[in-house]
Amino acid sequence: MIPKDHPRYRSLVTREHLTECAKTGIVAWEGLTAHGRGEAFDYMIGERTTPSALLAERTAAAMLLSASNPLISVNGNTAALAAKEISELQKTCRARVEVNLFHRTKKRVEMIEDFLRNSGVDVLTGEAEKLLPLSHDRAWCRRDGVFSADVVLVPLEDGDRCEALVGMGKTVIAVDLNPLSRTARSATLTIVDELTRAIPQITRACCDISDIEQQQLLRSVDNHYLLSEAIREMTLRLSHALD
Ligand code: PTJ
């Protein structure tokens, strides 16, 4: 039992939730270590949405709203952490949602799809095929899923698929607290923010963005600048950590 007045209450409750989800199979056991890496980077940005992350989130909203076929690709960690938030974003930007897993089993895919549906997400159904140029199981997707999307939001992605999707000419938006990861560096746009803060910020931006702001953001996408800013914000915070 985690006491409500524990200074790390939210973090501990999240860990407990992810552990429970790992026991049921929604989260891969490897997903727990991935979460730990994310937590470490979240410390470095001060567990808040930084100015550069907010700019990336508003740009992501502009990209999703201007897409003809937007898609949100969901894995185990994303479903466990942010199913409700994904449902809200889907309603706002009319994106399709598809479950794509690295540690893929048919049972896990079905379990995560049901979990998302119970949170109000409209999840793509139908047979997946090995359609992406990858040697691992992230190659599996549906023809009307990631394969045909023009803009793909990929929270907590692995670098291989991110590179493959960019190589296929897609606009790829990553959410990754690690600005040094291959995913972060190869995506069209990377949001260096914690998933449960990032998704609601994108949804909010989808609701209040003007046409003028949308056009401005689309004209000025610069992932290298956003990653440099994220690293600068971390460095600044670290250099004052013991003040
Ligand atoms: O459910 P599956 O089978 O598809 O597997 C999912 C995981 C997450 C295990 C798989 O995609 C994986 O191994 O991912 P990586 O390569 O460890 O990358 C995950 C990235 O997400 C890391 O760079 C973390 O820093 C980052 N991350 C972890 N938790 C969060 C996060 N970024 C934002 N918000 C988080 N909560």
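We count ligands from 1, going down the list as the structure has it; atoms in each ligand are counted the same way. For this chain, numbers begin at 1 and follow the sequence in order. Hydrogens, waters and symmetry mates play no part in the numbers below; they use all other heavy atoms, side chains included.
For H136, the side chain to side chain donor-acceptor pair (under 3.5 Å) partners at least two apart in sequence or on another chain are D160.
Between E163 and K170 there is no salt bridge, since none of the side-chain N atoms of the basic residue sits less than 4.0 Å from a carboxylate O of the acidic one.
Rounded to the nearest 0.5 angstrom, I72 CD1 and I199 CD1 are separated by 6.5 Å.
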Starting from the N and O atoms of ligand 1, collect every protein N/O partner closer than 3.5 Å and put each pair on its own line with the distance to 0.1 Å.
| unit_1 | atom_1 | unit_2 | atom_2 | d |
| --- | --- | --- | --- | --- |
| ligand 1 | 1 (O) | G76 | N | 2.9 |
| ligand 1 | 1 (O) | R108 | NH2 | 2.9 |
| ligand 1 | 3 (O) | F102 | N | 3.4 |
| ligand 1 | 3 (O) | H103 | N | 2.8 |
| ligand 1 | 3 (O) | R108 | NH1 | 2.8 |
| ligand 1 | 4 (O) | F102 | N | 2.8 |
| ligand 1 | 4 (O) | R138 | NH2 | 3.4 |
| ligand 1 | 11 (O) | R138 | NH2 | 3.4 |
| ligand 1 | 11 (O) | L156 | O | 3.4 |
| ligand 1 | 23 (O) | D176 | OD1 | 2.9 |
| ligand 1 | 23 (O) | D176 | OD2 | 3.3 |
| ligand 1 | 32 (N) | L177 | N | 3.2 |
| ligand 1 | 34 (N) | L195 | N | 2.9 |
| ligand 1 | 36 (N) | E194 | OE2 | 2.6 |

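Sorted by first then second residue, the salt bridge (charged side-chain N to carboxylate O under 4.0 Å, His left out) pairs that include residues 66-84, not counting sequence neighbours, number zero. The salt bridge (charged side-chain N to carboxylate O under 4.0 Å, His left out) analysis of residues 124-139, with sequence neighbours excluded, yields the pairs E129-R143, R138-E157, R138-D158.
Heavy atoms only, all atoms of each residue included: L227 and A184 are closest at CD1-O, 3.4 Å.
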